[in-house]
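Nothing here was measured: the structure is a model prediction, and the numbers come from that model.
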Amino acid sequence: MAEKKRRKPVDKTKIEYVEPKPSWIKAVKVNDHNDVMGSIIQFFLVESPCKGVSSRGISLLDYGWADSLRMGLYTNFLDTTEVANLCDGSTLFTATRKEEMKNRFVDADMPGNFASTCTSNRVVALINSNFVLDLFRIIRNSLAHCRFQLVEKNGVDFIAFENGMPGKDLIGADSFEVSSRLFLKCSTLIDWIAVVKSEAIYEAEEIARKKETSEREWENKRQLVLSRISSGSYSNKDDLGKDCELSKRNLDKLLGELKAQGLIAYSRSNRKWELTGDANP
């Protein structure tokens, strides 16, 4: 039996440790705030697009982001960097290993009291697979564990998010191991929600448009068939189908509908479909 590969010990000197209950998180009732916070909680927590974190989750596929579209979504970071005015290496810092995060917080000037020091959108995030869903998962976890704070700066509402897990610091004391910090405008989060939902709106509009077009084309065929039957300008059903550019299946379907509506009847003596008195082509 092959020996299991041992994990390399974590270098705790490179981990950002803070108190389990930081002072920047105030005892404020979330429901005291407006509907914006409710929309943020509903999307990022209750209906999180991240797989396996909510029984009420709505996936990107459910929002209309098919596989081919999701690649563009990931490649363009969901336009998050543009929407949030984030710039890599300036206001956006990422890493793939938690031992890198302590230095990233220093680079980004986001210390333990970042909720007080930050004044504009700023992100330091541990990214495991793709930027979009990892970022959404960080927001979800922060909300779920109530490790966030609403902050107002110069009349603008922000939310400070901190994500991580409980742990033991260098001296073995109970602590919190920080993996990501975000400081984002509420309006930015609402814009991100709109970007995700825009594809669902587009899909719904496309379905409605195609349905409307199909119904209009079907009505045109219906009137054309009634006109040809009224004039008697066809010798048999095959000619009628060719003349109206209808397949045998669709012609049979249309003739069946017209018959059910009492607009046509088949004349055995003439071996043709004929209009009834109710028809008005």
Side-chain angles (χ1 to χ4, degrees), residues 30-31 33-88 91-98 101 104 110 121-151 157-165 178-208:
V30 173
N31 59 9
H33 296 268
N34 56 30
D35 291 340
V36 171
M37 191 65 202
S39 297
I40 291 170
I41 290 175
Q42 186 71 23
F43 177 84
F44 288 101
L45 177 60
V46 179
E47 297 173 352
S48 172
C50 302
K51 186 177 180 180
V53 299
S54 174
S55 296
R56 297 181 183 179
I58 300 177
S59 70
L60 292 177
L61 183 60
D62 293 332
Y63 280 117
W65 293 95
D67 288 339
S68 57
L69 294 173
R70 286 209 298 277
M71 285 307 297
L73 177 74
Y74 299 155
T75 302
N76 296 310
F77 291 159
L78 183 64
D79 292 331
T80 50
T81 52
E82 293 181 14
V83 172
N85 193 28
L86 295 174
C87 180
D88 193 26
T91 52
L92 170 64
F93 300 81
T94 62
T96 57
R97 297 172 62 248
K98 62 182 180 180
M101 298 313 299
R104 290 293 186 276
M110 290 186 80
N121 283 347
R122 192 169 288 264
V123 167
V124 182
L126 178 64
I127 302 301
N128 293 315
S129 53
N130 69 74
F131 182 86
V132 176
L133 290 181
D134 283 347
L135 193 63
F136 285 5
R137 188 181 295 271
I138 291 166
I139 296 171
R140 178 266 169 199
N141 290 345
S142 299
L143 292 172
H145 302 142
C146 294
R147 206 167 179 93
F148 69 95
Q149 183 64 45
L150 294 154
V151 182
D157 290 329
F158 289 83
I159 303 180
F161 299 98
E162 189 171 71
N163 187 41
M165 59 185 296
V178 184
S179 60
S180 299
R181 286 179 178 141
L182 319 177
F183 191 79
L184 296 166
K185 292 178 184 178
C186 289
S187 60
T188 295
L189 295 164
I190 294 298
D191 287 343
W192 287 355
I193 294 171
V195 171
V196 173
K197 291 186 174 181
S198 66
E199 190 62 30
I201 294 171
Y202 172 78
E203 285 294 314
E205 290 175 345
E206 279 294 288
I207 291 171

Holding to side-chain contact (heavy atoms from CB on, under 4.5 Å), I want the full list of residues that pass it with Ser59, two or more places apart in sequence or in another chain.
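In terms of side-chain contact (heavy atoms from CB on, under 4.5 Å), with neighbours along the sequence ignored, Ser59 is linked to Leu61, Asp62.
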How would you list, by chain and number, every residue that makes a side-chain contact (heavy atoms from CB on, under 4.5 Å) with Asn163, sequence neighbours excluded?
Ile138, Asn141, Ser142, Ser179, Ser180
Could you pull out every donor-acceptor pair under 3.5 Å between side chains of residues 41-51 and any protein atom, sequence neighbours left out?
{"residue": "Gln42", "atom": "NE2", "partner": "Glu47", "partner atom": "OE2", "Å": "3.0"}
{"residue": "Ser48", "atom": "OG", "partner": "Cys50", "partner atom": "N", "Å": "3.1"}

Residue pair Phe136, Val53: steps toward the side chain to side chain contact (heavy atoms under 4.5 Å, CB included) verdict:
CA-CA 11 Å; Phe136 285 5; Val53 299; over 6 Å; no
Only counting residues at least two apart or in another chain, list the ones meeting salt bridge (charged side-chain N to carboxylate O under 4.0 Å, His left out) with [X].
X: Lys185; value: none
X: Arg137; value: none
X: Arg181; value: Glu16, Glu162

Just verifying a value: how many Å separate Thr94 OG1 and Leu126 CG, rounded to the nearest 0.5 Å?
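These two atoms lie 9.0 Å from each other.
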Please report the interatomic distance OG1(Thr188) to CG(Leu182), rounded to the nearest 0.5 Å.
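If we round to the nearest 0.5 Å, Thr188:OG1 and Leu182:CG are 11.5 Å apart.
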Closest contact, heavy atoms only, [X] versus [Y]:
X: Val123; Y: Ala125; value: CG1-CB, 3.9 Å
X: Asp134; Y: Asn128; value: OD2-N, 2.6 Å
X: Ile40; Y: Leu143; value: O-CD1, 4.3 Å
X: Met110; Y: Val124; value: SD-CG2, 3.4 Å

ring-ring contact (aromatic ring centres under 6.0 Å, His included) partners for Phe183, two or more places apart
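Phe158.
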Just wondering, do Leu150 and Asp157 contact through their side chains at under 4.5 Å, heavy atoms?
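They are not in contact (no side-chain heavy atoms under 4.5 Å apart), so the answer is no.
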Between Ile159 and Leu189, is the side chain to side chain contact (heavy atoms under 4.5 Å, CB included) condition met? List the steps.
CA-CA 9 Å; Ile159 303 180; Leu189 295 164; 3.8 Å; yes
